[in-house]
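Notes for the one structure printed next.
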Protein chains: 2
Amino acid sequence: MTRIATLSDTRNNCHNCRLRSLCLPDNLSKDDLGELDSIVQRRKPVARGAYLFQAGERFQSIFAVRTGAVKTLTVQANGDEHISGFHLPGEVIGLDAIVSRDHPSTAIALESTSVCEIPYAELESLGDRMPAVQHQLVRVMSRELLAEHHTGHLLTRRAAEQRLAVVLLTFSERFARRGLSALRFRLPMSRLDLGNYLGLVPETMSRTFRRLEEQGLVSITGKEIELVDICAMKALAYGNEEARAATA
Amino acid sequence: MTRIATLSDTRNNCHNCRLRSLCLPDNLSKDDLGELDSIVQRRKPVARGAYLFQAGERFQSIFAVRTGAVKTLTVQANGDEHISGFHLPGEVIGLDAIVSRDHPSTAIALESTSVCEIPYAELESLGDRMPAVQHQLVRVMSRELLAEHHTGHLLTRRAAEQRLAVVLLTFSERFARRGLSALRFRLPMSRLDLGNYLGLVPETMSRTFRRLEEQGLVSITGKEIELVDICAMKALAYGNEEARAATA
DNA sequence: CGCGTCATTGAATACTATCAACGCCAGTGG
DNA sequence: CCACTGGCGTTGATAGTATTCAATGACGCG
């Protein structure tokens with residue numbers, strides 16, 4: 001096992017990583033890439049349910065998802081947990097910790113997941129010497145802010161059907177950008193997690209999935225999702241009342 | 001009018017700005033501060049309702065609020081608007097545009113507002129020479145991400161009373177950090193805007209305000225808010241069911 | 001002073017949460 | 001190999017809460 005992991009590690013570097021353009025190495029020159037590569041620690045896969053970091057832990061590194069999927073969540077004083085995001089390969093997590101000494105949120109693997117660990121102190125000093133590295137970090141954070149605004153808008157949508165439609169379409173786009181099918185994919189998280197993220201209880205999740213299926217928009221088999229009528233789906237998610245009435 | 005504005009501008013710089021520690025100049029040396037000062041453009045106040053920038057406009061600068069208040073919003077394809085945040089003096093806006101060529105969101109002054117404009121190209125090249133400037137930009141963005149996670153959690157709270165309580169307490173803290181009263185303040189936005197931000201219709205906003213008042217938690221006169229029982233308020237906002245039952 | 005926007009109030013409706021119960025499936029231990 | 005168990009998902013009935021619709025009142029601005 002160790003042998004294979006080692007082989008895999010030597011083969012894996014930012015330069016030949018398929019996710020390069022989605023991740024921290026985007027927009028870097030070959031030289032910059034090599035330097036970044038030298039500080040990235042490619043760790044062996046962690047099991048489903050494992051913590052990448054926990055709220056309150058000392059912040060030391062940011063992480064890029066390489067394979068698998070991760071959820072990040074915040075824990076409230078009363079013990080309530082809220083899932084703040086799901087993270088697919090190429091996405092960087094832990095960025096909300098830079099401003100504080102400790103991690104404000106917790107990251108948990110949703111399935112067998114491998115990540116690239118990037119010690120922040122080293123990344124910062126690398127950025128001091130190589131402006132492009134620093135610029136790309138800022139770009140990644142800016143993109144993250146943009147995504148959060150999108151999420152904020154998602155959560156103020158009243159109807160559960162709309163929230164679910166939006167989030168399914170968002171996953172569709174994200175999978176497509178990673179070279180996977182935009183119409184047929186497997187959600188990596190449980191209904192419980194997705195409901196927590198959307199602010200809906202599991203019962204409502206179940207009923208809403210069924211309603212989308214009955215309307216002929218999607219076909220669902222466990223966690224496998226097939227978008228049957230993506231146009232109607234978009235009309236439901238983003239359209240106005242007239243557009244929805246027209247498709248109905 | 002122009003004379004006064006000019007006088008005011010020459011007196012105002014990052015070094016003696018009271019908001020320095022909340023803003024981009026935090027953690028900078030005196031030399032760094034001077035360089036930053038030289039690229040900051042202090043514009044004369046804009047009127048209530050004026051656009052700082054609009055979605056689709058070419059991104060050129062980020063802005064720091066100096067006085068007044070600003071709302072940022074995104075416009076959907078169907079014309080729906082969603083307010084993604086309210087911004088008080090010392091806060092930096094436009095950061096979600098860095099990753100793209102154009103502004104994804106719109107910024108509108110909620111009252112007479114003055115801002116510091118920071119041309120991003122110049123800030124970037126300044127950061128290349130002065131690592132501390134770049135680090136501070138990253139810290140500000142990280143703090144923004146943290147705040148967005150907080151907002152995300154806020155919006156998944158079911159009860160309108162809880163959402164309103166949380167947002168009032170958040171404003172209380174933000175005003176207090178700026179040297180204003182934590183118990184008595186004036187909300188800069190309309191009920192409509194606050195409702196849009198929270199995902200609630202104006203009617204619900206009105207009723208919820210009244211319910212909080214009837215419970216003796218707050219006292220409301222137009223946009224003036226007084227937090228009468230901040231402990232009970234926190235119990236409602238962040239507490240669990242037992243804590244709320246105990247205070248009732 | 002008059003107009004328009006914003007805020008408020010009431011009544012009816014629609015939606016989601018809650019409570020309760022059951023089916024399904026994987027992992028575990030006998 | 002099979003039964004057991006616990007987490008997850010589903011379904012039904014009920015209750016609670018926000019939205020919608022309709023109308024009036026208040027405030028600021030020209």
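In the text below, chain A, chain B and the rest are named by the order of the sequence lines, each starting its count at 1. Predicted model only: the values in this text are computed from it and were never measured.
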- Message: I want to verify a distance call: between dT9(C), dT16(C), dT19(D), whose nearest atom is closest to the Ala160(A) side chain?
- Response: dT16(C)

- From CZ of Arg157(A) across to C1' of dT19(D) the rounded distance in Å is 17 Å

- Query: Just by modelled atom types, is the Tyr238(B) backbone N or O under 3.5 Å from a matching donor or acceptor in the Asn78(A) side chain?
  - Reply: yes

- Among the candidates dA17(C), dG9(D), dA18(D), find the nucleotide nearest to the side-chain atoms of Arg191(A). dG9(D)

- Item | Closest to side chain of Val201(B), choosing from dT11(D), dT18(C), dT19(D) | dT19(D)

- Query: Salt-bridged, Glu111(A) to Arg186(A), with N to O below 4.0 Å?
  - Reply: yes

- Query: Atom CE of Met205(A) and atom C1' of dA17(C): how far apart are they, to the nearest Å?
  - Reply: 14 Å

- Message: Could you check whether any side-chain N or O of Gln215(A) sits under 3.5 Å from a backbone N or O of Leu212(A), counting only pairs where one atom can act as donor and the other as acceptor?
- Response: no

- Note on the structure: Atom CD of Gln162(A) and atom C1' of dA14(C) are separated, to the nearest Å, by 15 Å

- Just compare dT9(C), dC6(C), dA18(D) and give me whichever is closest to any side-chain atom of Ser190(B). dC6(C)

- Answer yes when Arg207(B) and Glu214(B) have at least one side-chain N-carboxylate O distance shorter than 4.0 Å, and no when they do not. no

- Query: For Thr74(A) and Ser105(A), does a side-chain donor sit closer than 3.5 Å to a side-chain acceptor?
  - Reply: no

Under-3.5 Å N/O pairs linking protein and nucleotides 21-27 of chain D:
{"unit_1": "dC21(D)", "atom_1": "N4", "unit_2": "Glu203(B)", "atom_2": "OE2", "d": "3.1"}

- Let me know the distance between CG of Leu164(A) and P of dC15(C), rounded to the nearest Å. 16 Å

- Task: Decide if atom CZ of Arg18(B) counts as having more than 12 heavy atoms of other residues, nucleotides or ligands within a radius under 6.0 Å.
- Result: no

- Query: Does Thr170(B) use its side chain to pair, donor to acceptor, with the backbone of Val166(B) at less than 3.5 Å?
  - Reply: yes

Please write out the pairs of protein N or O atoms and N or O atoms of nucleotides 24-27 of chain C separated by less than 3.5 Å, giving the distance to one decimal.
none

- Ignoring hydrogens and geometry, is there a side-chain-to-backbone donor-acceptor pair from Ser114(A) to Arg66(A) under 3.5 Å? no

- Task: Examine distances only and state if a side-chain atom of Asp193(A) and a backbone atom of Ile83(A) form a donor-acceptor pair shorter than 3.5 Å.
- Result: no

- Query: So Phe171(B) and Phe86(B), would you call those rings parallel, tilted or perpendicular, with 30° and 60° as cut-offs?
  - Reply: tilted

- Position toward the 5' end of DNA chain D (nearest nucleotide), Arg48(B) or Glu161(B): Glu161(B)

- Sidechain-backbone polar pair: Thr204(A) side chain, Leu200(A) backbone, donor-acceptor under 3.5 Å: no

- Item | Polar side-chain atom of Ser61(B) near backbone of Glu117(B) as donor-acceptor pair, under 3.5 Å | no

- Task: Could you state the atom-to-atom distance from CG of Leu200(B) to P of dT8(C) in whole Å?
- Result: 14 Å

- Message: Give the residues of residues 214-221 of chain A touching DNA chain D, defined as any heavy atom closer than 4.0 Å, sorted by residue number.
- Response: none

- Query: Over how many whole Å does the gap from Glu213(A) atom CD to dT10(D) atom C1' extend?
  - Reply: 13 Å

- Query: Under 4.0 Å: is that the gap between some side-chain N or O of Ser206(A) and OP1 or OP2 of dG9(D)?
  - Reply: no

- Item | Lys223(B) NZ to dC6(C) C1', straight-line distance once rounded to whole Å | 8 Å

- Message: What residues from residues 192-199 of chain A pass a heavy-atom cutoff of under 4.0 Å to DNA chain D?
- Response: Leu192(A)

- Item | Basic-acidic side-chain contact under 4.0 Å: Arg174(B), Glu91(B) | yes

- Residues passing the ring pair (Phe, Tyr, Trp, His ring centres under 6.0 Å) test with His82(B), sequence neighbours excluded, are His153(A)

- Message: Could you work out how much the helix from dC1(C)-dG30(D) to dG30(C)-dC1(D) bends, comparing the axis of its first five pairs with that of its last five, to 10°?
- Response: 40°

- Message: Under 4.0 Å between a side-chain nitrogen and a carboxylate oxygen: does that hold for Glu224(A) and Arg184(A)?
- Response: no

- Message: Donor-acceptor check, side chain of Arg163(B) to backbone of Thr156(B), threshold 3.5 angstrom: yes or no?
- Response: no

- Counting just side-chain N and O atoms, does Arg211(A) come under 4.0 Å of either OP1 or OP2 of dT16(C)? yes

- Any donor and acceptor pair, going by atom type alone, linking the side chain of Ser206(A) with main-chain N or O of Pro202(A) inside 3.5 Å? no

